[in-house]
Colleague: 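Let me give you the structure first, and then I'll get to my questions.
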Number of protein chains: 2
Amino acid sequence: MSAPDNLLKDFQLRSTPGRQEVLQIFLKNSYALSHGDIEREMPLDFDRVTLYRTLKTFLDNALCNNNCSTAGHHHNHVHFKCTICGQTSCLEVEIPGIKLPKGYKPVESNLLIQGTCQHCA
Amino acid sequence: MSAPDNLLKDFQLRSTPGRQEVLQIFLKNSYALSHGDIEREMPLDFDRVTLYRTLKTFLDNALCNNNCSTAGHHHNHVHFKCTICGQTSCLEVEIPGIKLPKGYKPVESNLLIQGTCQHCA
DNA sequence: CTGTGTGCAAACACTTTGCAGGTGT
DNA sequence: ACACCTGCAAAGTGTTTGCACACAG
């Protein structure tokens, strides 16, 4: 049984060709994909609307990628977007704790650093 | 002469009713405004297209708000979005320097923290 | 078999472009 | 007077909704 299949099972979602395909694409790309990126990597005849619904289903079920499981997400790392090649990747660096003004309660942080990456330097 | 008028002069932009109106809205709101927010605060008969062009003009000329001048921008602070009231505000806290992996050169950082704000706690 | 997922069509929302005419300087 | 700005119409792009049929479980 394939990895996508298992993931779908884990989240109690029905295994369909479209969902498997989308998961394959997630798994084989290390950097962040935009909706357009995914659409471009899907078979040409794949229905746009179904893709919207598939992604929404994944979102609703918190099925992000192989680093996230039912146990929780691991998104507290820094994202880096290269302004040359355009790729957004996840760095193995945690977002540092920030001391906020009185009364502010943080729940989620998102740090995006833009610049030039390793490869484009 | 009004504040918006002066700002427009400073940036060598023509002073028109629409531009003054948009600047008034920026100046009187301390939190971040979405395109929709601005549209909602504009006179009902104001043309959407003109608003798009006005905002683009301001962007192109780096005319963000009263904290930014021709001398440069001051955007290196943390943004906080309250998940209850929906408002995004600027905190007087700098984004800490991050040690990046070899080869990565940062140019700009953006840290958005979500949670509950002072007022909604 | 039953409920969910898919595909198609159409509606909807958002943004950009072209052009004629108006306005600030 | 001239260049720039505005308003309208229309095209382009991205996203959502409704419904009949197909398919996984």
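Naming convention: chains lettered A, B, ... in sequence-line order (proteins, then strands); numbering from 1 in each chain. Just so it is clear, the model here is predicted, and its values are computed rather than measured.
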Colleague: Is there side-chain contact between His79(A) and His77(A), with at least one heavy-atom pair below 4.5 Å?
Modeller: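 When only atoms from C-beta onward are counted, His77(A) and His79(A) do touch, with a gap below 4.5 Å.
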Colleague: Send over the distance from Leu8(A) CG to dG5(C) P, rounded to a whole Å.
Modeller: 11 Å
Colleague: Please determine whether residues Ile95(A) and Leu112(B) belong to a single hydrophobic cluster, defined as Ile, Leu, Val, Met, Phe, Trp and Tyr linked transitively by side-chain heavy-atom distances below 4.5 Å.
Modeller: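 Different hydrophobic clusters.
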Colleague: Separation of Asp47(B) atom CG from dA20(C) atom P, in whole Å?
Modeller: 17 Å
Colleague: Which is more 5' along DNA chain C, the nucleotide nearest Arg14(A) or the one nearest Thr50(A)? Just name the residue.
Modeller: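 That would be Arg14(A).
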Colleague: Return the minimal non-hydrogen interatomic distance between Cys82(A) and Thr116(A), and the atom names on each side.
Modeller: SG-CA, 4.0 Å
Colleague: Could you check how far NZ of Lys9(B) sits from P of dG24(C), rounded to whole Å?
Modeller: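 Lys9(B) atom NZ is separated from dG24(C) atom P by 12 Å.
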Colleague: Below 4.0 angstrom, N of the basic side chain to O of the carboxylate: do Lys9(B) and Asp5(B) qualify?
Modeller: no
Colleague: Tyr104(A) vs Phe80(B) aromatic rings, parallel, tilted or perpendicular, using cut-offs 30° and 60°?
Modeller: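 It falls in the perpendicular class, over 60°.
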Colleague: Rounded to the Å, how far apart are Gln12(B) CD and dG24(C) P?
Modeller: 19 Å
Colleague: Which sits closer to the 5' end of DNA chain D, Asp45(B) or Arg19(B), going by the nucleotide each is nearest to?
Modeller: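 The answer here is Arg19(B).
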Colleague: First and last nucleotide of DNA chain D in contact with chain A, 5' to 3', at under 4.0 Å to a heavy atom: what are they?
Modeller: dG14(D) to dG25(D)
Colleague: Using only heavy-atom distances, determine whether the side chains of Asp60(B) and Thr57(B) contain a donor-acceptor pair under 3.5 Å.
Modeller: no
Colleague: Look at all strands and tell whether Thr16(A) reaches a base, only sugar-phosphate, or nothing, counting heavy atoms closer than 4.0 Å.
Modeller: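 Counting heavy atoms under 4.0 Å across all strands, the contact made by Thr16(A) is with sugar-phosphate only.
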Colleague: Can a side-chain donor-acceptor contact be found between Gln20(B) and Ser2(B) if the only test is distance below 3.5 angstrom?
Modeller: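 No pair is found: no donor N or O on one side chain lies under 3.5 Å from an acceptor on the other.
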Colleague: Among all residues two or more places apart in sequence or in another chain, which pass the ring-ring contact (aromatic ring centres under 6.0 Å, His included) test with His35(A)?
Modeller: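 ring-ring contact (aromatic ring centres under 6.0 Å, His included) check on His35(A) returns Tyr52(A).
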Colleague: What are the two closest non-hydrogen atoms of Ile113(A) and Ser109(B), and how far apart are they?
Modeller: CG1-OG, 3.8 Å
Colleague: With a 4.0 Å cut-off on heavy atoms, is Thr57(B) in touch with a base, just the backbone sugar-phosphate, or nothing at all?
Modeller: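 Touches nothing.
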Colleague: What does the B/S/- profile of nucleotides 12-19 of chain C look like, 5' to 3', with a 4.0 Å heavy-atom cutoff to protein?
Modeller: --SBBBB-
